[in-house]
Amino acid sequence: MQINSTEAPFSEDLDINGNLKEFLLQQQIYRAAIKEIKTKLEILDEEFQARYDHNPIHHMEYRLKAPQSIAEKMQKKGLEITPENIRKNLTDIAGVRVICNYLNDINHIANLLVRQDDITLVRKNDYIAEPKKNGYRSLHLIVLVPIFLAERTESVPVEIQIRTIAMDFWASLEHQLKYKGHSDMSEGLRERLKYCAESITRLDEEMQMIYEEITSDDCEQK
């Protein structure tokens, strides 16, 4: 498992800097939210291993949005950059990406997580059932997790992306190619990338069936 975090310089706008520096004091709350989700997912994964001799989670990655990215997103929304506005309008400051071994693991993990009493599901976008036009597939959740502080409790949003190894492979390379091409990609290349995404989906489905046949044979032999 690995933690990804990026740092970016502050804007030259002194007002933006002042507000973001104030907001940085609250970043520890978002770090705590990431830790809470990380721990919950690790416990679920360990329980699966103990009960079913199977780890649904291959690995996890974590990200705390950099101050400059926060500023840019608020400016795009046309909102004043204040700690209060950031809390109210951004739900992806804390991010967790869960990479699963098989297709069925995605919904197993998602359902078990949102079923927990202290987790509130805010939004669910199923880009596996309904992929994006470019072929992107992943399950996105926005959840609220309570963080218990010395003088108060805060419900903190965390964005969770859950996908298979194959989906993550495609998404990572597509992102790199899109960046290198500055988003100016020909229709032919876009179609080829979409075809690759569809091929990866068929691979995921085949690997799921192979896994189920192998585990079914093991159960019959026992």
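When atom types are taken as modelled, the side chain of Ser172 and the backbone of Phe169 share no donor-acceptor pair closer than 3.5 angstrom. Looking at Gln208, its side chain does come within 3.5 Å of a backbone N or O of Asn104 through a donor-acceptor pair. Checked by atom type and distance alone, the side chain of Arg63 pairs as donor or acceptor with a backbone atom of Asp92 at under 3.5 Å. Remark: side-chain polar atoms of Asn85 are paired, donor with acceptor, to backbone N or O of Glu80 under 3.5 angstrom. Side-chain N or O atoms of Asp45 include one that pairs as donor or acceptor with a backbone N or O of Ile57 at under 3.5 Å.
Ring planes of Tyr136 and Trp170: tilted class, angle from 30 to 60°.
In this structure, Lys38 pairs ionically with Glu42, as a charged nitrogen and a carboxylate oxygen lie closer than 4.0 Å. Salt bridge present: Glu187 and Arg190 bring a charged side-chain N and a carboxylate O closer than 4.0 Å. Taking the charged nitrogens against the carboxylate oxygens, Glu154 and Arg152 do have a contact shorter than 4.0 Å, which makes a salt bridge. Ion pairing of Arg137 with Asp204 is absent here, as no side-chain N (NZ or NE/NH1/NH2) approaches a carboxylate O to less than 4.0 Å.
For Leu139 against Ala110, the heavy-atom pair with the smallest separation is CD2-CB, 3.6 Å. Between Ile109 and Pro56 the shortest heavy-atom distance is CD1-CG, 3.8 Å. The two residues Val156 and Ala33 have their closest heavy-atom pair at CG1-CB, 3.7 Å. Of all heavy-atom pairs between Ala197 and Gly135, the closest is CB-O, 3.4 Å.
Both Ile34 and Leu149 belong to a single network of hydrophobic side chains, linked directly or stepwise wherever heavy atoms of I, L, V, M, F, W or Y lie under 4.5 Å apart. Under the 4.5 Å side-chain heavy-atom criterion for Ile, Leu, Val, Met, Phe, Trp and Tyr, Leu193 and Tyr127 are members of the same hydrophobic cluster. Cluster annotation: Leu141 and Val145 are assigned to the same hydrophobic cluster (Ile/Leu/Val/Met/Phe/Trp/Tyr, side-chain heavy-atom contacts under 4.5 Å, transitive).
Looking at heavy atoms from C-beta onward, Ile119 lies in side-chain contact with Ile37 at the 4.5 angstrom threshold. Two residues are said to be in side-chain contact when any heavy atoms from C-beta on lie closer than 4.5 Å; Val143 and Ile160 meet this criterion. Two residues are said to be in side-chain contact when any heavy atoms from C-beta on lie closer than 4.5 Å; Asp118 and Lys40 meet this criterion. You'll find the side chain of Leu103 reaches within 4.5 Å of the side chain of Glu205, heavy atoms only. Counting only heavy atoms from C-beta outward, the side chains of Arg163 and Ile99 approach each other to under 4.5 Å.
With a 6.0 Å radius and a threshold of 12 heavy atoms from other residues, nucleotides or ligands, Lys132 has its NZ atom above the threshold. Within 6.0 Å of CZ in Arg51 there are 12 or fewer heavy atoms belonging to other residues, nucleotides or ligands.
No hydrogens or angles considered: a donor-acceptor pair under 3.5 Å links the side chains of His54 and Asp105.
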